Every structure is written in C-alpha cells, then in structure tokens.
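Model, not experiment: these values are computed from the prediction.
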Amino acid sequence: MSETPAPEVAVHQLDQATHDGGDGCIDVLSPPPGTDPEDCLHVALHVHGAASVRRGGASTVLAPGDLLIGTTPHPTGLLQDSECRMLRFRVPCFYLGVRHDDVRRAGGLLARGNEGIGSLASQFLRTLAAQARAHRARPGNHLARSVSDIVAILVTELLDREDPEHPTGAAELLSRIRAHIEDNLADPDLSPESIARSQHISVRYLHKLFQQDGVTVGQWVRRRRLDACRRELERPSRRQTSVSAVAHRWGFVSHSHFSRAFRDAFGVSPREWQAYATRTDGHTSAS
C-alpha cells in the first residue's frame, strides 16, 4: 500500500478546500439543493495507530486502510489510543443510492482496506486527501464523484452481507436479479414479467423477494433509472443533451412522468439539477 500523507496536513487542506464547517469531516460532495444536509453517511479511514471497533459483543482490531461507515462522525464502538489518526469523510446519501436508516439499523459497517471494493475505496479516499490542493479544480471534482460512486458500491455490498432476512440462496438470487436490472435499465420493456422470466421464477416470487427489502420491483427499477439519469445529467459531456433525450435513453417514455418522479426522488427538477451541476463545475474550474 502506498505511503499515507500526514493526516493532520491532509485534513487541514481539505477543510480549507471543502468548507466543512469546522467539524473535522471532509465533505466529498456538497448536498444538492432540496436535500437534507444531515442525510449523509460518514466514512472514517484508519491511517495509523492502535484502534479497534466493538460490535455485537466482539472486538475487531483495525489495520491501516480499514474503513468504518456509519451515520455519525464518530463511529459507534470505536476504541483508539492517543497515537491513532483517522481521516473522516462525509457523503450525502443522495449520491449513494442507499438509505440512511439501513446503515443505522446495521449499527455501522466495517470494510477491510486490503481486499475487494474496500481496498479500492480506501485508495481513492487516500488519493482525494493527498490531492487536497487540487480538490476544487475540475479534476478534483471528478475524483470526488468517482469516490462517491465507489463508496456507493461498497455500502450496498456491505449491507447485503449484513442482511439477516434473506437465506443465502435467496440473497444470491436477489443479487442476480439486481444485476440483470442494471444490465437492462435502458430497455423500456423491462418489467416484472421480463425480469421473472429471465431468472426462471414466478412473478409472485419475484415480488416476494423485493418485499422483504421494503420496496416493490417497480420502485427499485424506477430508482435505479433515476439514479442513472441523475449521473448522466451532471456529466459535462452531456450538458448539451436535452432532459427528454436522457430520460428516453434510460427507459422513461413520458417526459412529464419522468420529471415528476425525478423531483419526488431528489427534491429538484431534472433541469434544476442539470443547472446546479453546471454551476458547480463552473465554480470549481474557476477556483
């Protein structure tokens, strides 16, 4: 693993670059308009020193690079000595596609920094800290968005592991179904019937799998499509693309229905979000 930058310097630089309000948390991305600024997840990256986290009556020793993810700046059950140093990040749930309450119910999440997606997330967060001076320039903004995408994948994976409701076979099936949905989001004919048919199960059983997660199949598909539209509308390469074209590309037939669904999900209209992303990039590139 690459050498870690001095944590005090990294935090100081990022405090200046992101206007975090002085609480020591690094705002990876600012909350977009219309969202609750408190609806965010906190990620603590262990840099060095002795630390452990206690969950469910058992203690786990942390290694440099490990990540603790929770709903408060200071992870529950964390024990650390005076030499322990951590970098703390904050990401709005808006960008992660996960629910604040899901992480809270899980009691926080632990990701090892030397394996799988946890390793990738740890490295990207280190890079974000090391490049603090360039964070407000356009490349830094793109890096911050990449960090949020990787953290989103990591949190989803960790929550799936924590879920005690699904037997192993059902969890694996649900994972395959979600992967199928992701691969076919742009297909306007994607439906519970076509999804069930692809997995050789009944529509009734498909609905049962999703009901255990507290959502319907239709709600899941719509949210994933809306997330895809949100990401595309914020890309500089898509700024000249009409909102209707983006909506149609991701399976929305009716523009008015798409606009209502987007506002219900994110608190702003698609055009307002596109304009906000443009202003954000314009501000960071000029800084």
Side-chain angles (χ1 to χ4, degrees), residues 18 27-37 39-40 91-99 124 134-153 155-156 177-195 198 210 215-287:
T18 58
D27 282 316
V28 174
L29 290 168
S30 299
T35 63
D36 182 352
D39 188 19
C40 60
V91 190
C93 290
F94 175 93
Y95 296 104
L96 302 180
V98 298
R99 292 179 296 187
F124 265 69
H135 185 63
R136 295 183 69 187
R138 179 168 290 183
N141 192 45
H142 292 170
L143 175 60
R145 295 185 188 281
S146 296
V147 167
S148 70
D149 288 342
I150 293 169
V151 172
I153 295 171
V155 171
T156 299
I177 291 170
R178 288 174 174 170
H180 173 79
I181 291 172
E182 291 296 318
D183 291 340
N184 293 274
L185 277 178
D187 182 0
D189 294 325
L190 185 67
S191 66
E193 290 75 19
S194 69
I195 296 169
S198 73
F210 275 85
V215 298
T216 67
V217 182
Q219 288 170 339
W220 179 270
V221 171
R222 182 171 62 253
R223 181 57 192 237
R224 298 307 300 146
R225 282 174 166 166
L226 289 170
D227 284 339
C229 290
R230 172 182 60 79
R231 290 192 297 269
E232 184 163 346
L233 287 170
E234 73 186 17
R235 293 175 187 163
S237 61
R238 295 294 188 186
R239 295 290 157 75
Q240 303 306 314
T241 304
S242 71
V243 170
S244 295
V246 172
H248 188 265
R249 191 189 335 277
W250 290 104
F252 287 96
V253 177
S254 167
H255 175 73
S256 59
H257 169 71
F258 166 68
S259 294
R260 287 194 301 271
F262 195 97
R263 182 179 288 278
D264 288 344
F266 304 126
V268 294
S269 73
R271 294 188 188 281
E272 288 170 337
W273 170 246
Q274 193 176 43
Y276 169 78
T278 300
R279 290 196 305 273
T280 302
D281 274 349
H283 171 70
T284 55
S285 62
S287 300

Using a 4.5 Å cut-off on heavy atoms from C-beta on, say whether the side chain of [Y] contacts that of [X].
| X | Y | value |
| --- | --- | --- |
| Pro31 | Pro92 | yes |
| Tyr95 | Asp149 | no |
| Arg231 | Arg145 | no |
| Trp273 | Pro270 | no |

Item to check | Pi-cation contact, Phe266 with Arg230 (under 6.0 Å, within 45°) | outcome: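 The answer is yes; both the distance and angle limits are met.
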
Residue pair [X] / [Y]: nearest heavy atoms and the distance that separates them:
| X | Y | answer |
| --- | --- | --- |
| Asn184 | Leu190 | O-CD2, 3.6 Å |
| Ala144 | Leu29 | CB-CD2, 3.9 Å |
| Ser194 | Asp189 | OG-O, 3.7 Å |
| Leu96 | Ala152 | O-CB, 3.4 Å |

Next on the checklist: Suppose we screen for side-chain contact (heavy atoms from CB on, under 4.5 Å). Which residues come up paired with Ala245, at least two apart in sequence or across chains?
Outcome noted: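 side-chain contact (heavy atoms from CB on, under 4.5 Å) check on Ala245 returns Thr241, Ser242.
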
Next on the checklist: If we ignore hydrogens and angles and just use 3.5 Å, is the side chain of Gln274 paired with the main-chain N or O of Arg271 as donor and acceptor?
Outcome noted: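 Side chain of Gln274 to backbone of Arg271, a donor-acceptor pair under 3.5 Å: no, none is there.
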
Checklist entry - Between Arg225 (side chain) and Phe252 (backbone), is there a donor-acceptor pair under 3.5 Å? => result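 Checking the backbone N and O of Phe252 against the side chain of Arg225, no donor-acceptor pair under 3.5 Å is found.
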
Taking atom [atom1] of [X] and atom [atom2] of [Y], what is their separation to the nearest 0.5 Å?
| X | Y | atom1 | atom2 | value |
| --- | --- | --- | --- | --- |
| Thr216 | Phe210 | OG1 | CZ | 9.0 Å |
| Ser259 | Glu272 | OG | CD | 10.0 Å |
| Asp264 | Phe262 | CG | CZ | 11.5 Å |
| His180 | Leu185 | NE2 | CG | 10.0 Å |
| Ser198 | Ile181 | OG | CD1 | 8.5 Å |
| Tyr276 | Ser30 | OH | OG | 5.0 Å |

Checklist entry - When the ring planes of Phe258 and His255 are compared, do they come out parallel, tilted or perpendicular, using 30° and 60° as the limits? => result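 Tilted.
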
Next on the checklist: One pair to check against side chain to side chain contact (heavy atoms under 4.5 Å, CB included): Ile195 and Val221. What are the steps and the verdict?
Outcome noted: CA-CA 11 Å; Ile195 296 169; Val221 171; 4.2 Å; yes

Item to check | Residues in side chain to side chain donor-acceptor pair (under 3.5 Å) contact with Arg224, at least two apart in sequence or another chain | outcome: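 Once residues adjacent in sequence are excluded, the partners of Arg224 under the side chain to side chain donor-acceptor pair (under 3.5 Å) criterion are Glu182, Asp227.
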
